[in-house]
Amino acid sequence: MSVDNHTTTTTTTTTRVLCLVYTMKKSHSTKIRAIRETWAGLCDGFLAFSTESDPRIPAISIPHNGPEQYDNMWQKVRSIWRFVG
């Protein structure tokens with residue numbers, strides 16, 4: 001008679017989500033507020049980046065290369081990743 005002494009180990013990994021948004025000063029009281037009141041609470045962490053810092057939100061002003069325009073979004077995203085990385 002043979003006995004199998006192998007032990008099975010199960011590892012559980014928890015997925016965590018950090019939500020990052022970029023906005024403009026004029027959207028602080030509307031869009032960022034709506035995000036915070038809806039889906040931001042589902043994130044493990046939430047950071048708002050903006051053209052201007054605002055401690056009420058809070059929003060973090062982050063410098064980026066190039067002009068402040070939609071077509072320059074890639075530079076804004078790069079700056080955000082540098083900040084959180």
Side-chain angles (χ1 to χ4, degrees):
M1 177 174 180
S2 82
V3 177
D4 186 4
N5 290 326
H6 294 299
T7 304
T8 304
T9 305
T10 305
T11 304
T12 305
T13 304
T14 303
T15 303
R16 299 186 67 192
V17 177
L18 172 62
C19 299
L20 310 168
V21 296
Y22 188 86
T23 189
M24 305 200 53
K25 180 185 176 191
K26 66 181 182 179
S27 299
H28 287 187
S29 63
T30 56
K31 293 179 183 175
I32 297 299
R33 182 177 175 192
I35 290 170
R36 285 196 172 279
E37 291 175 356
T38 56
W39 58 264
L42 301 173
C43 305
D44 294 303
F46 176 80
L47 294 173
F49 296 90
S50 180
T51 54
E52 188 174 304
S53 291
D54 187 342
R56 296 172 300 152
I57 297 176
I60 303 163
S61 175
I62 191 160
H64 56 79
N65 293 329
E68 183 57 55
Q69 60 188 36
Y70 184 80
D71 292 343
N72 194 36
M73 187 59 68
W74 170 239
Q75 293 300 330
K76 297 171 189 180
V77 171
R78 285 181 67 201
S79 294
I80 290 169
W81 282 118
R82 252 188 238 117
F83 182 89
V84 299

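Keep in mind that what you see is a predicted model, and the values were worked out from it rather than measured. Heavy-atom basis, side chains included; hydrogens, waters and symmetry copies ignored.
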More than 12 heavy atoms of other residues, nucleotides or ligands under 6.0 Å from CZ of Arg36: yes or no?
yes
Can you give me the closest heavy-atom contact between [X] and [Y], atom names plus distance?
| X | Y | result |
| --- | --- | --- |
| Val21 | Trp39 | CG1-CH2, 3.8 Å |
| Ser61 | Ser53 | N-OG, 3.0 Å |
| Ala59 | Ser50 | CB-CB, 4.0 Å |
| Val17 | Asp44 | N-OD2, 2.7 Å |

Any side-chain heavy atom of His28 within less than 4.5 Å of one from Thr23?
yes
Would you call Glu68 and Lys76 a side-chain contact if the rule is heavy atoms closer than 4.5 Å?
yes
Quick one: [atom1] on [X] to [atom2] on [Y], what's the gap to the nearest 0.5 Å?
| X | Y | atom1 | atom2 | value |
| --- | --- | --- | --- | --- |
| Arg78 | Ile62 | CZ | CD1 | 12.0 Å |
| Met24 | Thr51 | CE | OG1 | 5.0 Å |
| Asp54 | Ser27 | CG | OG | 12.0 Å |

Going only through I, L, V, M, F, W and Y residues with side-chain contacts under 4.5 Å, is there a path from [X] to [Y]?
| X | Y | answer |
| --- | --- | --- |
| Leu47 | Ile57 | no |
| Val77 | Ile60 | yes |
| Ile80 | Trp74 | yes |
| Met73 | Val84 | yes |

Examine distances only and state if a side-chain atom of Asn65 and a backbone atom of Gln75 form a donor-acceptor pair shorter than 3.5 Å.
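A pair under 3.5 Å: no.
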Between Phe49 and the options Trp81, Tyr22, Phe83, the ring-ring contact (aromatic ring centres under 6.0 Å, His included) test singles out Phe83
